*Asks:* 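What follows is a single structure, and I will ask about it in a moment.
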Amino acid sequence: MGVVEKIKELEDEVARTQKNKATEYHLGQLRAKIAKLRHELLEPQKKSGKPGEGFDVMKSGDARVALIGFPSVGKSSFLSKVTDTKSEAAAYEFTTLTCQPGVLEYEGAKIQILDLPGIIEGASEGKGRGRQVVAVAKTADMIIIMLDATKPDTHRALLEKELEAVGIRLNKTKPDVVLRKKNTGGIVITKAMGLTLTKIDEKMIRSILQGYKMHNVDVMLREDISVDEFIDVVLGNRNYVPCLYVYNKIDSISMEQMDKLARQPNSVVISVERDLNIDYLKDVMWDKLGINRVYTKKRGERPDLSDPLVVRKGATIEHVCHQVHRALADKFKYALVYGKSSKFPTSQKVGLNHVVAADDVVSIFTK
Ligand SMILES: Nc1nc2c(ncn2[C@@H]2O[C@H](COP(=O)(O)OP(=O)(O)OP(=O)(O)O)[C@@H](O)[C@H]2O)c(=O)[nH]1
C-alpha cells in the first residue's frame, strides 16, 4: 500500500472512531501517525539534487509574498495592476512549475510577489507539482489566498486544508513548547508556573512521543496547547506564515455580501477591474509583513529620504548595519538615532542592540 492510501486509511479510521475519553489516546496516536506519513510524503526525494534546485526562485527584494488561488480569480490581473512585471519580463521556468515573480514597490520597499500556479490541490498528496508549489510557499513571508467573491466560498477551505496538510500554519504562532532530546532519563514533562492543560494531558504527550520513538526527552510547556499543536512541535518542520484572504470582483456582488466578506478576520475585499480598495490592500499587506523603513543620514548632511532601508519590526541597529553593508557592524562604534525610538526629542546615542522604530533616522559612526 502506498503512503497516500495509508493516510487515507488512517483518516477513515479517525472518522469512524467515536470521540470519547476511552478513544482519546488512540485518536491522538492516529493523528500523530498521519502527520508522520504526510511528512514522509513531502520530504524531497533523495536523488533530486540540492534542496530547492530547479524550482526555487531567488529571494530578491525585501519580502516575499506567495499568491495562491484557483484559476480565474484574477491573480494575473492583480499582478499586472500592482507589480512592475514588465521589468521582470523573464518568466522563471522551473522543472514543472512556472512562477512569475513580480515586484510591488511600496513605501520604498520591494515586495516580491510570486504567482503560484492555480492548482495546489493534491499538493498534500506529494504530487510533483504540488510539492514544488509548497516548497516555494514555505519560503514566503506572507501568503495571499485570492478568492472570487462571486463564487461560493468553498475554495477557501480547500486551499486552507491543502496548506495545513503540508505543514503550513496560517495566522498562527509557533506553540510555546520546548523539546530537548537527551540520551537517558526518560520523558520529563515540566509546565510553566500556573499553567493548566485543558486540551492535552501528560499521558497523551507521552504516548505521542513514544509513537515517534522519542523515549528520552525533556518537555517544557509554556502554553495550553492542543494535540495537533503538540504533534507540530514534535515534527518541528512547520511554517508559521501570516495569511491574507483577498476577495476579488466585489464590483459584481451586493453590498450585503461584500460587507459580510470584509468582516471576516484577515480578509480584504477588492476589485482589480474597478480599482476598488487596492491601496488599502497594500497598506494591510505592509502591516502584516511586519516591516519598517528607516533612513540613514551622513554627518552634516540631511537624511536620505529617497532611499530608505527596509527592516523587520523589532530590528536592531545591528540589522540596519547589515542592510547598509555586510562589514559595517564589525567597524561599528556607535549610532545616533532620531525619531520614535529615541528617548530624547533630538538624537540618542545608541549601541548595536538598540531596537529601531518605523521611520527612524540613523547615523552610524565607525571606528
Ligand atoms: N468583475 C470582475 N472581473 C474581474 C476582476 N478582476 C479580474 N476579473 C476577470 O476575471 C477573469 C480572470 O482573471 P485573471 O487575472 O486571468 O485570473 P487568474 O487568477 O490569473 O486566472 P489563471 O491565469 O487562470 O490562473 C478575467 O476575465 C478578468 O477580466 C474584477 O475585479 N471584477
Side-chain angles (χ1 to χ4, degrees), residues 55 57 64-106 111-124 127-138 140 142-163 166 168 170 241 243-264 266-285:
F55 58 85
V57 179
R64 173 189 274 188
V65 175
L67 182 61
I68 294 174
F70 276 83
S72 301
V73 295
K75 288 184 287 137
S76 315
S77 317
F78 174 68
L79 272 177
S80 51
K81 173 145 282 181
V82 301
T83 69
D84 187 10
T85 25
K86 283 192 198 76
S87 69
E88 295 264 341
Y92 289 61
E93 235 358 287
F94 307 101
T95 35
T96 57
L97 163 70
T98 311
C99 197
Q100 181 89 50
V103 175
L104 160 65
E105 294 221 15
Y106 183 76
I111 302 170
Q112 185 184 40
I113 306 186
L114 298 178
D115 179 10
L116 297 183
I119 305 148
I120 66 151
E121 254 183 312
S124 62
K127 290 182 184 152
R129 183 167 144 116
R131 194 201 299 263
Q132 296 177 347
V133 172
V134 167
V136 175
K138 281 190 167 184
M142 183 170 100
I143 290 177
I144 288 185
I145 293 188
M146 186 167 274
L147 299 150
D148 186 331
T150 65
K151 299 258 171 70
D153 204 8
T154 48
H155 284 170
R156 174 171 170 158
L158 272 173
L159 294 175
E160 280 174 339
K161 202 169 141 232
E162 216 50 61
L163 292 170
V166 298
I168 297 179
L170 303 177
V241 189
C243 173
L244 259 187
Y245 301 92
V246 175
Y247 289 89
N248 185 30
K249 311 193 187 179
I250 53 164
D251 51 282
S252 307
I253 58 170
S254 71
M255 285 298 275
E256 289 77 25
Q257 284 171 310
M258 185 182 85
D259 189 54
K260 210 169 134 213
L261 293 174
R263 280 173 194 277
Q264 299 182 107
N266 302 307
S267 304
V268 176
V269 297
I270 60 165
S271 165
V272 174
E273 222 160 73
R274 299 279 171 86
D275 217 337
L276 297 172
N277 241 8
I278 306 285
D279 285 336
Y280 173 69
L281 171 60
K282 289 183 193 168
D283 289 344
V284 177
M285 282 170 63

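For ligands, and for the atoms within them, numbers begin at 1 and follow the listed sequence. Keep in mind that this is a model prediction, so the values were computed, not measured.
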*Asks:* Going by heavy atoms in the side chains, are Ile253 and Tyr247 under 4.5 Å from each other?
*Replies:* no
*Asks:* Which atoms of ligand 1 are found less than 4.0 Å from any heavy atom of Ser77?
*Replies:* 7 (C), 13 (O), 14 (P), 15 (O)
*Asks:* Just which atoms of ligand 1 are under 4.0 Å from any heavy atom in Val272?
*Replies:* 6 (N), 31 (O)
*Asks:* Please identify which atoms of ligand 1 are closer than 4.0 Å to at least one heavy atom of Ser72.
*Replies:* 10 (O), 12 (C), 17 (O), 18 (P), 19 (O), 21 (O), 22 (P), 24 (O), 25 (O)
*Asks:* Answer whether the closest heavy-atom distance between the side chains of Ile113 and Lys75 falls below 4.5 Å.
*Replies:* no
*Asks:* If we set the cut-off at 4.0 Å for heavy atoms, which region of Asn248 has an atom near ligand 1: side chain, backbone, both, or neither?
*Replies:* side chain
*Asks:* Measure from atom 11 (C) of ligand 1 to every heavy atom in Arg274, Lys81, Lys249 and give the option owning the shortest one.
*Replies:* Lys249
*Asks:* What atoms in ligand 1 come closer than 4.0 Å to a heavy atom of Lys75?
*Replies:* 15 (O), 17 (O), 18 (P), 19 (O), 20 (O), 25 (O)
*Asks:* Rounded at 0.5 Å granularity, tell me how far OG in Ser271 sits from CE in Met258.
*Replies:* 10.5 Å
*Asks:* Does ligand 1 have a heavy atom under 4.0 Å from the side chain of Ser76, from its backbone, from both, or from neither?
*Replies:* both
*Asks:* Answer yes or no for Gly69: is there a heavy-atom contact with ligand 1 below 4.0 Å?
*Replies:* no
*Asks:* Say whether Val73, considering both its backbone and side-chain N or O atoms, lies within less than 3.5 Å of an N or O atom on ligand 1.
*Replies:* yes
*Asks:* Could you pull out all residues at least two apart from Ser77 that satisfy side-chain contact (heavy atoms from CB on, under 4.5 Å)?
*Replies:* Val272
*Asks:* If you count the atoms of ligand 1 from 1 in the order shown, which ones are under 4.0 Å from a heavy atom of Ser252?
*Replies:* 1 (N)
*Asks:* Heavy atoms only, cut-off 4.0 Å: how does Asp251 contact ligand 1, side chain, backbone, both, or neither?
*Replies:* side chain
*Asks:* Which pair of non-hydrogen atoms, one from Leu159 and one from Gly69, has the smallest distance, and what is that distance?
*Replies:* CD1-CA, 4.1 Å
*Asks:* Name all residues meeting the side-chain contact (heavy atoms from CB on, under 4.5 Å) criterion together with Thr154; count only those two or more places apart in sequence or in a different chain, and write none if there are none.
*Replies:* none
